[in-house]
Every structure is written in structure tokens, then in C-alpha cells.
Number of protein chains: 2
Amino acid sequence: MLRQGPLDRRLGYLLRRAQLAVFQDFFATFAGFAVTPAQYAVLTLVEANPGSSQAQVADALAIKPANFVGLVRTLVGRGLVRRAPVPGNRRSMALTLTDAGAELLSALHAAADAHEGRIADHLGPDVYAALLEPVARLGRLRGA
Amino acid sequence: MLRQGPLDRRLGYLLRRAQLAVFQDFFATFAGFAVTPAQYAVLTLVEANPGSSQAQVADALAIKPANFVGLVRTLVGRGLVRRAPVPGNRRSMALTLTDAGAELLSALHAAADAHEGRIADHLGPDVYAALLEPVARLGRLRGA
DNA sequence: TATTGTTATACTCTATAACTATA
DNA sequence: TATAGTTATAGAGTATAACAATA
């Protein structure tokens, strides 16, 4: 067991290790669904914002439009998401969930809740609850 | 501005966004040094554990030995780290900082402290201080 | 001119298999 | 047999440049 030195006071390092561990539990939880964290995020955002454009969803998730193309194509190919031209703006493609997509996502949300519950058990419910907001705030940090 | 739905209660998602933002500030801070987060972590661990083997350092950082080879080679090539055979075990390579490595790392620690200070300012010092331990605990979570 | 979506492409990170030399 | 380090390689994820269609 090596000493950590100042490394256990470096938030970026700790966040990287934390994200890796949490994603590992996510993968275990979602193994039966073959859905990645990115795909779950897209489905969730489309559900919350039906009819929003690819550019809007990609921007909200900080995914480059070029990289978003393949992601959407996969979800459309699996019959979970529908792409339709926006009336009045022939550049944009509006995204909505199909019935199959909405049904699957309902199961995914349940799995995600169980996943979050496991994390809350690990940290203690109070610590878990106190963690969400400041971590979300970190996401709004802008590099100097 | 799209609605987040349950996404703002998904710790894995929030951690990913947080890590991205914090690393962005790290890159801005360390731009003049051309040192990546991984390289900083290796240097810090070697400083805290001089003479430890490649396998020990790689394992402590959860880096696969195969991927650690290039990392060490870069640091040795820049004259920051020394690799020496371990007396009594001709398989292992012991890592230590060179004088140049120790000197550079001292400057890197100062830059990292400034980087952490900026994050503490962003969150408020109390929130920042309360964050380190639970995030470190998350890193010890094991996937189901 | 600017925006939306797209293709092509390159670069980094990470993962696995297979090898060597040592133990 | 198992361990330390290495090579080669494949797969993600992410970044930029350039383009067509549209605004």
C-alpha cells in the first residue's frame, strides 16, 4: 500500500477515480440493457424535452455535434428514438422517443434508481444527498 | 436551455461533467509545464514512495501495466524519473525522482495548490473541504 | 454570413493477448 | 506456476477540418 502524498487532496484525481468506480457500478447495473451512460443521458434528455433538436441535446450534454451523429443513429437503429424534420426549419432534426424507447427508458430509470441507492448506501444517505448539488456546481466551473 | 429530467440526480453523470470541468482548469493551470494529470499523479506517487516498483505505482493509480510503460518512458525521457533495477529482484524496476524531477514537481505542487484554491473559491471553502473525503470514498465503491 | 447536420480523420485512453525473463 | 515488464493491437471517446443544405 503506497502513500498518496498530496494526491488525496487533488479533487480532479479523486473525481476521476470516483467516476470510474460509479460508472463500473452503472455498467454492472445496465449490463442486461446494453445501454451506455451516454445513451442513457440522451434518452433521458429527449424524454424531458420531446421535439428538441439534435444540436440542442448535443449542446446540453457537451457532446460535439460530429460525435453525436453516431450516437443518435444507434438509438434510431434500435427503434428507441425518432428523428423528424422540424416544420419551419429544414436544417434541424427533432428528436422524440418512440413507444419502445419510452418503455425501455422507464425500466432504465428504475435500474438507475437502484444504482443510486447502492451509492447512497455506500456513502450514507445524508452524505449522498449533500453531494449532488456541489458536484453539479463543479460541472459549471470554467477553466481559467 | 433544456430540462435535465432525472439527469441532475444521477451522480455518475454529474461526476463526469465535474471531472471534465476540473480537468479543464488543470490543463489551463499546467499548460506551461506540459504535464498531464496522469503524469502529475505518477510524479507525486514516486515522490511519496521513492524506490517503489513500476507495478506498485501502476496498481496504486489503477493504470494497466501495459499502459504504464509509455507513461514512465516519457518521464524518464524528460529526465524527471530514474528507473533502476531492484537489488535482489531482477524483475522489478524501482522508480525515483531525479533532481530535475523533484524540482519540477515542487513547482507543479504550487500550481496544483493554486488550481485547488480556484475550485475552493468556486464552491466556497467549507463545501470544498467537505467534498474531498466522500469523493475519495466513492473511488472505493465496487461495482455490483 | 451563420447554423445544422454530416463525413472523414486523428489522437488519446483504455483493454486484452501474448511474449521474455525472472522468481 | 506466478510475477514484472514489455509489445502489439483493438476499441472507445473525443477533437478538428471541411462540406452541403438551409437560414
Side-chain angles (χ1 to χ4, degrees), chain A residues 2 12-13 15-17 19-24 26-28 30-31 34-42 46 51-77 81-95 143, chain B residues 2 12-13 15-17 19-21 23-24 26-28 30-31 34-42 46 49 51-77 81-95 143:
Chain A
L2 298 189
Y13 173 75
L15 285 170
R16 174 179 166 270
R17 298 297 300 261
Q19 189 227 307
L20 243 58
V22 169
F23 268 37
Q24 214 169 324
F26 180 98
F27 286 125
F30 283 70
V35 168
T36 66
Q39 290 170 344
Y40 173 71
V42 172
V46 171
S52 53
S53 71
Q54 281 196 200
Q56 284 177 310
V57 176
D59 184 67
L61 294 174
I63 298 174
K64 297 268 178 288
N67 298 327
F68 198 58
V69 173
L71 233 175
V72 170
R73 184 171 305 170
T74 300
L75 296 174
V76 170
V81 166
R82 188 174 19 247
R83 273 164 41 99
V86 172
N89 185 340
R90 284 184 297 172
R91 282 182 306 189
S92 296
M93 298 302 279
L95 302 180
Chain B
L2 298 187
Y13 173 75
L15 285 169
R16 174 180 166 268
R17 298 297 300 260
Q19 190 228 306
L20 243 59
F23 269 38
Q24 214 168 324
F26 180 98
F27 286 125
F30 284 69
V35 168
T36 67
Q39 290 170 343
Y40 173 71
V42 172
V46 171
N49 306 274
S52 52
S53 72
Q54 281 196 201
Q56 284 177 310
V57 175
D59 184 67
L61 294 174
I63 298 175
K64 298 268 179 286
N67 298 326
F68 198 58
V69 172
L71 233 175
V72 170
R73 184 171 306 171
T74 300
L75 296 174
V76 170
V81 167
R82 186 173 21 246
R83 271 165 43 97
V86 172
N89 185 338
R90 283 186 298 172
R91 284 183 305 191
S92 297
M93 297 302 278
L95 303 180

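A, B, ... follow the sequence lines: proteins, then strands. Residue 1 opens every chain. All values below were derived from every heavy atom in this structure, side-chain atoms included, with hydrogens, water molecules and symmetry-related copies excluded.
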Colleague: Take atom CG of Leu71(B) and atom P of dT6(D), then tell me their distance rounded to the nearest Å.
Modeller: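 These atoms are roughly 12 Å apart.
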
Colleague: Reading DNA chain C from 5' onward, which residue's closest nucleotide shows up sooner: Arg16(A) or Gln54(A)?
Modeller: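 The residue whose closest nucleotide sits nearer the 5' end is Gln54(A).
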
Colleague: Can you tell me if the side-chain N/O atoms of Gln56(B) get under 4.0 Å from OP1 or OP2 in dA4(D)?
Modeller: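 No, outside the criterion.
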
Colleague: Under 4.0 Å: is that the gap between some side-chain N or O of Arg83(A) and OP1 or OP2 of dT6(C)?
Modeller: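 So the side chain of Arg83(A) is within the cut-off, an N or O lying under 4.0 Å from OP1 or OP2 of dT6(C).
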
Colleague: Measure the distance from CD on Gln19(B) to C1' on dT14(C) and round it to the nearest whole Å.
Modeller: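 Checked: the CD to C1' distance equals 14 Å.
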
Colleague: Roughly how many Å is it from CZ in Arg73(A) to P in dT6(C), rounded to a whole number?
Modeller: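 Computing the Arg73(A):CZ to dT6(C):P distance gives 7 Å.
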
Colleague: Between the base of dT22(C) and the side chain of Arg90(B), is there a donor-acceptor distance below 3.5 Å?
Modeller: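 By the distance-only test, no, there is no pair.
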
Colleague: Nearest whole angstrom, please: distance from the P of dT22(D) to the CE of Met93(A).
Modeller: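 These atoms are roughly 12 Å apart.
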
Colleague: Can a donor-acceptor pair be found, under 3.5 Å and without considering hydrogens, that links the side chain of Ser92(B) to the backbone of Asn89(B)?
Modeller: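 Checking the backbone N and O of Asn89(B) against the side chain of Ser92(B), no donor-acceptor pair under 3.5 Å is found.
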
Colleague: Can you tell me how far P of dT14(C) sits from CZ of Arg17(A), to the nearest Å?
Modeller: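 Taking CZ of Arg17(A) and P of dT14(C), I get 11 Å after rounding.
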
Colleague: What's the shortest heavy-atom distance between Phe30(A) and Val35(A), and which atoms?
Modeller: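 Minimum heavy-atom separation between Phe30(A) and Val35(A): CB-O, 3.8 Å.
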
Colleague: Looking at the base of dA23(D), is there any donor atom on it, or on the side chain of Asn89(A), that sits under 3.5 Å from an acceptor on the other one?
Modeller: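 No pair found.
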
Colleague: Between dA15(D) atom C1' and Ile63(A) atom CD1, what is the distance in whole Å?
Modeller: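 The distance from CD1 of Ile63(A) to C1' of dA15(D) comes to 14 Å, rounded to the nearest Å.
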
Colleague: Do any N or O atoms from the side chain of Gln56(B) and from the backbone of Ser53(B) form a donor-acceptor pair under 3.5 angstrom?
Modeller: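 Present.
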
Colleague: For Pro65(B) and for Pro37(A), locate the closest nucleotide of DNA chain D by heavy-atom distance; then report the residue assigned to the nucleotide nearer the 5' terminus.
Modeller: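 The residue closer to the strand's 5' end, by nearest nucleotide, is Pro65(B).
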
Colleague: Could you report the tightest heavy-atom contact between Leu95(A) and Val57(A), atom names first, then the distance?
Modeller: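 Shortest heavy-atom contact: CD1-CG2, 4.3 Å.
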
Colleague: Let me confirm one number: the CG-OH distance from Leu61(A) to Tyr13(B), rounded to the nearest 0.5 Å.
Modeller: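 Answer for the CG-OH pair, Leu61(A) versus Tyr13(B), is 5.0 Å.
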
Colleague: Of Leu20(A) and Val69(A), whose closest DNA chain C nucleotide lies nearer the 5' terminus?
Modeller: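 Between the two, 5'-proximity favours Val69(A).
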
Colleague: Quickly work out the Asn67(B) CG to dA4(D) P distance and round it to whole Å.
Modeller: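 It is 17 Å, rounded to the nearest whole Å.
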
Colleague: Looking only at the side chain of Lys64(A) (C-beta and beyond, no hydrogens), which of the listed nucleotides dT16(C), dT16(D), dT6(D) gets closest?
Modeller: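 Of dT16(C), dT16(D), dT6(D), dT16(D) is nearest to the side chain of Lys64(A).
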
Colleague: Of the nucleotides dA15(D), dG5(D), dT7(D), which one has an atom closest to the side chain of Ala66(B)?
Modeller: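 Ranking dA15(D), dG5(D), dT7(D) by closest atom to the Ala66(B) side chain puts dT7(D) first.
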
Colleague: dA23(C), dA23(D), dG5(D): which one has an atom nearest the side-chain heavy atoms of Arg91(A)?
Modeller: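 Side chain of Arg91(A) sits closest to dA23(D).
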
Colleague: What is the distance, to the nearest angstrom, from the CZ atom on Phe68(A) to the C1' atom on dT16(D)?
Modeller: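 Result: 19 Å.
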
